[in-house]
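Below is one structure; the comments refer to it alone.
Being a predicted model, the structure only gives us computed values, none of them experimental. Each chain gets a letter, A, B and so on, in the order the sequences are listed, and its residues count up from 1.
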Protein chains: 2
Amino acid sequence: MNYSRQREIIYSTLKENVVHPTAEYLYSVLKEKEPNISLATLYRNLNQMAEKGLIKKIDGLESASHYDHNTHEHYHFICKKCKRVFDISSDVAPQIVVKTEKETGFEIDSYDIVFSGLCKDCFEGIKEDK
Amino acid sequence: MNYSRQREIIYSTLKENVVHPTAEYLYSVLKEKEPNISLATLYRNLNQMAEKGLIKKIDGLESASHYDHNTHEHYHFICKKCKRVFDISSDVAPQIVVKTEKETGFEIDSYDIVFSGLCKDCFEGIKEDK
DNA sequence: CTCATAATTGATAATCATTCTCATTTTATA
DNA sequence: TATAAAATGAGAATGATTATCAATTATGAG
């Protein structure tokens, strides 16, 4: 993997943003720093970095994938109402992997947990913006 | 929800198939029993039935969604090599929900766990067909 | 430093899965 | 049985992502 300015900017933008952006949202932010960047370049680099384990691709949230610079063991919660994505940490989860591997004989190299429901704000009726 | 022959056939076809088909695959099977069925009808009904809880839509496996007639608590494993989807049952999983709800104050109404890796056959080098 | 090769880019076309539209048909019910 | 609501089939439209390809940029050997 050779150096590229675009990749650097994509990675740093993803890091600076606390959220879990979709490619589309990320693109709109990137355009400000790098007006000529192509959407294809963005997707290419997100896929590359996800493959190398530099970032994480989150599927199953919405029709579009979200991307996460946090590669530590954690999961996600999407609020059905405000559509915000929250990080969830769990120390129970790793047990599932060990147990499942033992029971099935499968080699699990990754897994993901996606929760959905209402976040605290929406649950309490305190509506916030998306 | 009114009765429709097409919905009945979609549901029974999904039940008869042990696998976790994509809409595309299901469509190819359906065509034999109901040659004039429209792809739109299939998607419409799959979504409807998933909403009613009659079936389950599985995302995060591949780019296309898979559908499952098994609505009992269980999870899925997709083999990176043969792409087959396996059921995984876990009694550890429910704990995660309780714990997460307590810690976050969120109202979790659904969650999904997707494992990926190599199934036993592929892991052992016994290559089988997709 | 300079060339050759490989990697990367931007622009845009193409693809894939899914949803939408709408005129027609079917179902439920008063 | 008439009527309203629900469902259908066909195909157009959409949204997200990937593929193509010529031009640009990075890298490494000499």
Check against salt bridge (charged side-chain N to carboxylate O under 4.0 Å, His left out), B/Asp121 and B/Lys81: CA-CA 10 Å; B/Asp121 294 340; B/Lys81 190 162 191 179; over 6 Å; no

Verdict with supporting geometry, A/Phe86 and B/Phe106, ring-ring contact (aromatic ring centres under 6.0 Å, His included): CA-CA 10 Å; A/Phe86 299 85; B/Phe106 294 172; 4.9 Å; yes

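Heavy-atom distances to DNA chain D give each of A/Ala64 and B/Ser4 a nearest nucleotide, and the one nearer the 5′ end belongs to B/Ser4.
Proximity of A/Gln48 to the phosphate of C/dA7: no side-chain N or O atom is located under 4.0 Å from OP1 or OP2. Look at B/Gln6 and you won't find any side-chain N or O under 4.0 angstrom from OP1 or OP2 of C/dT26. At the phosphate of C/dT18, OP1 or OP2 sits under 4.0 Å from a side-chain N or O atom of B/Ser65. Distances shown here put every side-chain N or O of B/Arg5 at or beyond 4.0 Å from the OP1 or OP2 atom of C/dT26. Contact annotation: B/Asn36 side-chain N/O to D/dT8 OP1/OP2 distance is not under 4.0 Å.
In this structure, the CE atom of A/Met1 is 16 Å from the C1' atom of D/dT25, given to the nearest Å. B/Glu24 places its CD atom 5 Å from the P atom of C/dA17, with the value rounded to the nearest Å. The separation between A/Tyr43 atom OH and D/dA16 atom P is 7 Å, rounded to whole Å. Between the CG atom of A/Asp59 and the C1' atom of D/dG15 there is a distance of 15 Å, given to the nearest Å. Computed from coordinates, the A/Leu39 CG to D/dG15 C1' distance equals 11 Å when rounded to whole Å. The separation between B/Glu34 atom CD and D/dG9 atom P is 7 Å, rounded to whole Å. Put simply, OH on B/Tyr3 is 18 Å from C1' on C/dT29, counting in whole angstrom units. Going from atom CD1 of A/Ile58 over to atom P of D/dA16 covers 16 Å, rounded to whole Å.
Nearest nucleotide to the side chain of A/Arg44, out of D/dC21, D/dT8, D/dG9: D/dC21. The side chain of A/Asn2 approaches D/dT27 more closely than any other nucleotide in the set D/dA10, D/dA7, D/dT27. Comparing atom distances between the A/Asn47 side chain and each of C/dC20, D/dA7, D/dT18 picks out D/dT18 as nearest.
When heavy atoms are screened at a 4.0 angstrom cut-off, B/Thr22 is found touching no nucleic acid atom at all. Backbone-only engagement by A/Ile37 is indicated by non-hydrogen atom pairs under 4.0 Å involving sugar-phosphate atoms exclusively.
Annotation for B/Lys31: atom NZ counts as buried by contact number, over 12 foreign heavy atoms lying within 6.0 Å.
With hydrogens and angles ignored, a donor-acceptor pair closer than 3.5 Å exists between the side chain of B/Ser38 and the base of D/dA10.
Interatomic distance, B/Leu46 CG to B/Glu51 CD, rounded to the nearest 0.5 Å: 12.0 Å.
Classified by interplanar angle (parallel below 30°, tilted 30° to 60°, perpendicular above 60°), the ring pair B/His74/B/His20 is tilted.
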